[in-house]
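In what follows, every chain begins at residue 1, and chains take the letters A, B, ... in the order their sequences are listed.
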Amino acid sequence: MSDSPPTELPSHYDHQAAQEKWYTFWEQQGFFHADANSKKPPFSIVIPPPNVTGALHLGHALNNTLQDILCRMKRMQGFNVLWMPGTDHAGIATQAVVERRLLEEEGKSRHDLGREGLVDRIWEWKAQYEKRILGQLKQLGCSCDWERTRFTLDDQCARAVRETFFKLFADNKIYRGKRLVNWDTYLQTAVSDDEVFHEVTKGHFWHFNYPVVDPKPGEPTHVTIATTRPETMLGDTAVAVHPDPAAAFDKLSTELREKIIAASAKEKGELDEEATLLLERRAKMLPQLEILRGMALRGVKLELPLTGRTIPLICDEWAKPELGSGCVKITPAHDENDYQVWQRNLEIGAINILNRDGTLNDSVPEKYRGLTMKKARAAVVEDMETAGLLVEIEDREIDLAHSDRSKTPIEPYLADQWFVKMDELAQSAMDAVTDERVKIFPERYTKTYLDWLSEKRDWPVGRQLWWGHRIPVWHNLVEPKSELEACNIPEEMFVEARDQLRLYLVAAGFSEEDFRIEFDDVYMRLCIKNPKVDDAINALNKYFQGGLDAVKPGRVHDASSPILTFVPGFKAASDAAKQITRFGKFVREEEVLDTWFSSALWPHSTLGWPNETPELKTFYPTSVLITSRDIITLWVARMVLAGLYNMDEVPFPEVFIHPKILDGYGETMSKSKGNGVDPLDVIDKFGADSLRFGLAYLTTETQDVRLPVEFECPHCQALIPQTKKNRTLPRVECDKCGKPFGTQWAQSHGSAEDQALPRGAAVSERFELGRNFCNKLWNASRFALMNLADYKTSANGNLVADDLLLEDRWLLSRLATVTGEVTAALESYHFADAARALYGFAWDEFCSFYVEMSKARFAVAEQRATAQRVMAYALDTLLRLLHPMVPFLTEEVWHLLGEVAPERGLTDPQTAGESVCVAQWPTVKETCIDKAIEAQFAQFQTVMGAVRNIRQEKNIPPRTPIKFSVRCDEEAIALLQPMEPYFASMAGATATDWGPKVTPPERVASKPLEGMEVHVDISEFFDVAAERTRLEKERDQLAKFVQSIEGNLGNENFVKNAPAAVVEQQREKLIEVQGQFQAVESALGKLG
RNA sequence: GGGCGAUUAGCUCAGUUGGUUAGAGCGCCACGCUUACAACGUGGAUGUCGGGGGUUCGAGUCCCUCAUCGCCCA
């Protein structure tokens, strides 16, 4: 706590000092630690775990600021608050980053390191970034319970993952299926749809002829197909023609006609032309297509060139009569649409022609094997040309999918995948939202959630990666030479092997609680919950390799898998083992689980599940989830279904979706675009409080947040707007001083020289709002502290109503109202409303009026004590209300205030606590709310405004005293006369007269107000022309207003239909405005 | 192609169930360093509320439509 007396406080708030001092203080006091056994009502939030791929950006700052605001308010409201922190392992993203670096820095691939080696490297990376991320959160002021920090890949989460996978497996909700996946041939893994981006590139459209086998006379001898990927023809299993081309043409014509009717004249021309072309095409193509359709129905085959295979001509609606030749080649293993055709025509089969690395496999003729797609393409085209089957080559733009991670083109690839059946799980998560056990705010996002879940698409959970939770399944590996052979394994063999395996494991001391055995027509699979079973399987494998001797008691061969040597039922076990191993060795599944699998469990896994911990009991379900809209489906939906599945209870009753932060061009911020902003840069420049307040101020319901970004020149501090061009330059030259500086781009893309330049931080001027506000608060506090040196409460324990002046009662009324507004806004996630209410109150009401007025009062001995009491109380309340958004500044001031005014409160003064962080949240003092007082005060403000306005209009220097009088009624006199000192101190104006009969002086500037008229004596500054101009302008405005109201009231329908109150209001307004108009007219008249 | 959202002052955004002269911050203009604060004070200017149509006594707000932009899904 500061030793310096308040008068020596700097005139600018030093955010850096406050941040260091108070964060340490809070941690040391243990304010952020939640007690699972507390009697207080619980409030808990799990952090959306930032992934350890990189440092936090502004989006994270927003996300965590909002959580912290809620946590801090709830803590002050007396809740037992747990904010569970942690990070996410982010499977593919992290592995890709580490692999890329490995290649760049050491020229090594993951295969050079091997699985363990690579995973070790990733753990190192994780350690580094986790530290950085948690540090960033602390700098931001986040009040997380750090003792409970988790990681999605730590032991506790691993237990939860294994338990869940096992449960799903045992529940028959896990299966293996063949699906087309987005195959990244560089990383050699499947990537999900959301890890793919599309790019239009220049390509070609090749037209090939496939010969018809034994055509009848009159039938075509060739079928023409076209493709953008000629090499895939080696995997064709059919060619399709539309089953009813005539109907298809008709349907198109009808649609086109409807369009033409609705179209504008301009579009009509084009559409008409289109319709004509369609008709011509129909006439030309239809007979041929109908012949082909007939051939397809007859079962005609085609020769698939280059392969020696024949493939069927089939009927399927995927063939579009209006496009190309009307026929389409079908490659089910390498095209999503063709895959669908296969699902409708299973007899055609599917042939995978790719190896995992993107080269062609043994399913294609020998000459193409081992070629890359690119080489194979050239070869196929050449061979087709030689065979005389190449018809033509068109140029064409192609929408090509690329992997987000490796930036290489994606190959659709038919692969065995692990799936989670979603039908029931998805339904449960939908029900939870439709019956409002989970509410999503803003409500419109409910649709996103429900739409996605309603598709009930099975969840592919396996990833061909090394970084992640390895799937806890062992395969009993038979290497079938072909799928045919695999299919011929008699089921009895599986049954027998399964029974034997079960016997073995039971003999080894395990139960069905620990493992589960399933088989399909190729594999026997063992899913293991208890990791000790892994050891038993390892022992079995040893046996398989070395015979029974290898695992005999007393001959311990391997300390890591000694299970067979110790099991009591060794004999039974070994007999069983003999049976099982006839089948083959057990191999642990190589794949790991999708990152979202562990994230889905986050709300309960972090609390200790599957153990029944006190934390789980106290804090589950959590209170609310706060996240960004792009992971509603990937994460929120899955948490809900996983929570219901494992806990039988939703993970949170409410979800708040906050906006995304975009740059000045409306683009999402990202490292790869170079437009990201590091919150630490903003914190350095503006302070954590400013960042937090600025973010809260921007968090509105409807829109994403646009944040123009600037570089700050490290030499002269000039701000240079970031553009699409300069954001990816490693060095930028300052507009102002001309000196070069390095950008964030330099770190990843710059030369050593660029990197050596001083770094220009990327920041945004938007945060000046927060900084200015903080500084205003700081200075208002400083003023209060300076004037509270002789503050005492003991002489005057309770303030009574008589002690209070109008301004006190006004301030207290406003304070109570604002307390209610802020509380309600935060509790309903209206962060911007809360920030704006506080900003307006603190600046325009507390500072601009109450503090200003108190200056005059502090100077008057008999008014001083009351003013101090109210001032201390108001500041105290304001600090509490602001603390969630502006934690450091409020804590700093709280302590300073505590030194001069330790006991605060209007009645029953209480000693302020050790920290505002755990001070009680203000409650609304209903008795203070007085709308009449607020209206009266507004009247005072209006008169003050009029006087100030006239001074400025007349160009009267601020320090020149002026005189004014006010024509008003008796009631207003009673109100305004006591305020005379304030007109003197705040407007340099002395009142000369009040009342209904006030006559303005000869040379006057007048301003009509509601029911009043303000006259400022300007004899010393008289300028007829200027005054006339001013009044004429005012008259014109009023005339317009009168006209508009008269227009309304003259409208019979308005008077008849509008509510009486509205009509009456208009009538009153008219009289009022007409009065003002006349006042101006007469003032103008006087000017002559 | 389907869904959601946005379009309001030069910029970034508010605008409650329709109610009558549309607000804030920054920026701009004028005047001011008055011992809390120039990161400030006082005053001021600034909008055919994306275009078009409709409902209504009355539309920034409700409906239709078009345009542009963004996101999600295919």
Side-chain angles (χ1 to χ4, degrees), chain A residues 6-7 9-13 193-194 262 264 267 336 442 444-452 455 457 628-634 659-660 662 664-668 686 690 694 697-708 721 764-766 768-787 830 832-833 836 839-840 843-844 847-848 851-852 854-855 944-945 947-959 985-988 1037-1038 1040-1045 1047-1059 1061-1063 1065-1066 1069 1073:
Chain A
T7 42
L9 292 173
S11 65
H12 285 154
Y13 166 55
D193 289 341
D194 44 276
S264 66
E267 296 163 329
E336 178 60 35
R444 63 175 183 277
Y445 291 115
T446 311
K447 197 169 156 45
T448 312
Y449 174 100
L450 290 174
D451 283 356
W452 185 79
E455 290 177 20
R457 301 214 308 217
S628 156
R629 64 187 156 72
D630 34 14
I631 49 176
I632 294 172
T633 52
L634 296 176
K660 292 195 62 152
L662 310 174
Y665 300 99
E667 297 182 17
T668 48
F686 297 103
S690 308
Y697 192 90
L698 292 170
T699 303
T700 55
E701 282 260 283
T702 49
Q703 299 197 30
D704 284 337
V705 175
R706 263 189 198 220
L707 212 67
S764 177
E765 280 183 310
R766 294 277 143 233
E768 285 180 3
L769 171 93
R771 181 196 56 186
N772 296 353
F773 180 59
C774 287
N775 201 47
K776 187 75 181 174
L777 290 170
W778 172 251
N779 278 295
S781 306
R782 209 157 67 96
F783 171 81
L785 294 166
M786 284 174 182
N787 287 288
H830 290 82
D833 290 350
R836 283 161 212 247
Y839 185 97
W843 201 305
D844 300 332
C847 291
S848 295
V851 167
E852 286 304 323
S854 72
K855 287 177 181 172
M944 178 71 81
V947 175
R948 284 169 162 178
N949 175 276
I950 292 170
R951 176 192 282 280
Q952 293 277 349
E953 294 273 2
K954 299 288 120 201
N955 275 322
I956 304 171
R959 303 181 92 167
S985 64
M986 295 166 72
Q1037 261 178 2
L1038 287 167
K1040 236 162 88 186
F1041 199 3
V1042 167
Q1043 210 180 355
S1044 129
I1045 303 174
N1048 248 330
L1049 288 169
N1051 182 342
E1052 226 177 275
N1053 285 324
F1054 173 72
V1055 180
K1056 201 167 62 189
N1057 293 324
V1062 173
V1063 178
Q1065 190 194 337
Q1066 285 293 290
K1069 193 89 195 160
V1073 178

Applying a 4.0 Å non-hydrogen cut-off, can you work out what A:R766 is touching in the nucleic acid: base, sugar-phosphate, or nothing? base
Residue met sooner reading RNA chain B from 5', once A:A784 and A:V1055 are mapped to nucleotides: A:A784
For atom OH of A:Y445 and atom C1' of B:G70, their distance in whole Å: 11 Å
Looking at B:A39, does its base get a donor-acceptor pair with the side chain of A:K776 below 3.5 Å? no
Can you check the distance between B:A30 and B:U46, where both ends of the measurement are the C1' atom (answer in whole Å)? 15 Å
Determine the contact category for A:C774: base if any of its heavy atoms lies under 4.0 Å from a base atom, sugar-phosphate if only primed atoms, P, OP1 or OP2 are that close, otherwise nothing. nothing
Atom CZ of A:R444 and atom C1' of B:G5 are separated, to the nearest Å, by 6 Å
Would you call the rings of A:W778 and A:Y13 parallel, tilted or perpendicular, where under 30° means parallel and over 60° means perpendicular? tilted
Using only side-chain N and O atoms of A:N949, determine if any of them is under 4.0 Å from OP1 or OP2 of B:G44. yes
side-chain N/O A:N772 vs B:C40 OP1/OP2, d < 4.0 Å: yes
How long is the line joining CZ of A:R706 and P of B:U8, in whole Å? 10 Å
Quick one: are A:N779 and A:S11 in side-chain contact, heavy atoms under 4.5 Å? yes
Dot-bracket encoding per residue of RNA chain B, Watson-Crick/G-U cut-off under 3.5 Å, | denoting interstrand: (((((((..((((.....[...)))).(((((.......))))).....(((((..]....)))))))))))).
Quick one: label A:R771 by what it contacts on the DNA or RNA (base, sugar-phosphate, nothing), any heavy atom closer than 4.0 Å. base
Nucleotide of B:C11, B:C57, B:C31 approaching A:N1057 most closely (side-chain heavy atoms): B:C57
Taking the minimum atom-to-atom distance to the side chain of A:T448, which one of B:A39, B:A36, B:C72 wins? B:C72
Please tell me if the side chains of A:L707 and A:L662 come closer than 4.5 Å, counting only heavy atoms from C-beta onward. no
Check: A:E455 side chain, B:A74 base, donor-acceptor under 3.5 Å: no
Which part of the nucleic acid, if any, lies within reach of A:Y13 when heavy atoms closer than 4.0 Å are counted: base, sugar-phosphate only, or nothing? nothing
Can you tell me how far P in B:C29 sits from the matching atom in B:G70, rounded to whole Å? 34 Å
Rounded to whole Å, please give me the gap between CD in A:E768 and P in B:C26. 9 Å
With side chains defined as the heavy atoms from C-beta onward, is the minimum distance between A:M986 and A:R948 less than 4.5 Å? yes
Separation of atom CD1 in A:I632 from atom P in B:G5, rounded to whole Å: 12 Å
Might you confirm whether atom CD of A:E1052 has over 12 heavy atoms from other residues, nucleotides or ligands at distances under 6.0 Å? no
Are A:P659 and A:T700 close enough that some pair of their side-chain heavy atoms sits under 4.5 Å apart? no
Reading RNA chain B from 5' onward, which residue's closest nucleotide shows up sooner: A:S848 or A:K660? A:S848
OP1 or OP2 of B:A14 versus the side-chain N and O atoms of A:T700: is any pair under 4.0 Å? yes
Gap in Å between the two P atoms, one belonging to B:G53 and one to B:G23, rounded: 26 Å
Let me know the distance between CG of A:L769 and P of B:C40, rounded to the nearest Å. 10 Å
Between B:U65 and B:C72 - P atom distance, rounded Å: 25 Å
Check whether more than 12 heavy atoms from other residues, nucleotides or ligands sit under 6.0 Å from atom CD of A:Q1043, and answer yes or no. no
Below 4.5 Å, heavy atoms only, C-beta onward: do A:R629 and A:D704 meet side chain to side chain? yes
Nearest to the A:S11 side chain among B:C37, B:C57, B:C71, which nucleotide is it? B:C37
Could you tell me whether the phosphate oxygens of B:G41, OP1 or OP2, come under 4.0 Å of any side-chain nitrogen or oxygen in A:W843? yes
Are side-chain heavy atoms of A:R766 and A:P708 found at a separation under 4.5 Å? yes
When the distance from CZ of A:R836 to P of B:G15 is rounded to whole Å, what number comes out? 8 Å
Closest of B:A36, B:U12, B:G3 to the A:L698 side chain is B:U12
Decide yes or no for A:K1040 and A:Q1037: does some side-chain heavy atom of the first lie under 4.5 Å from some side-chain heavy atom of the second? no
Under 4.0 Å, counting only non-hydrogen atoms across every strand here, what does A:E852 touch: a base, just sugar-phosphate, or nothing? base
Tell me what A:R629 touches on the nucleic acid: a base, only sugar-phosphate, or nothing, going by heavy atoms under 4.0 Å. sugar-phosphate
Can you name the closest pair of heavy atoms from A:R951 and A:G988 and give their distance? NH2-O, 3.1 Å
C1' atoms of B:G54 and B:A9, separation to the nearest Å: 29 Å
A:R959 side-chain N/O to B:U34 phosphate OP1/OP2 under 4.0 Å: no
What's A:Y839 touching, base or sugar-phosphate or nothing? Going by heavy atoms closer than 4.0 Å. sugar-phosphate
Starting at atom CG of A:D704, determine the distance to atom C1' of B:C4, rounded to an integer number of angstrom. 12 Å
Sticking with atom C1', work out how far B:U61 lies from B:A22, rounded to a whole angstrom. 11 Å
Just checking A:P1059: base, sugar-phosphate only, or nothing, at a heavy-atom cut-off of under 4.0 Å? base
Gap in Å between the two P atoms, one belonging to B:A59 and one to B:G19, rounded: 11 Å
It should be established whether A:N775 places a side-chain nitrogen or oxygen under 4.0 Å from OP1 or OP2 of nucleotide B:A39. no
Please measure how far the P atom in B:C57 lies from the corresponding atom in B:C66, and state the result in whole Å. 28 Å
Under 4.0 angstrom, heavy atoms only, what part of the nucleic acid is A:K1069 near: base, sugar-phosphate, or nothing? nothing
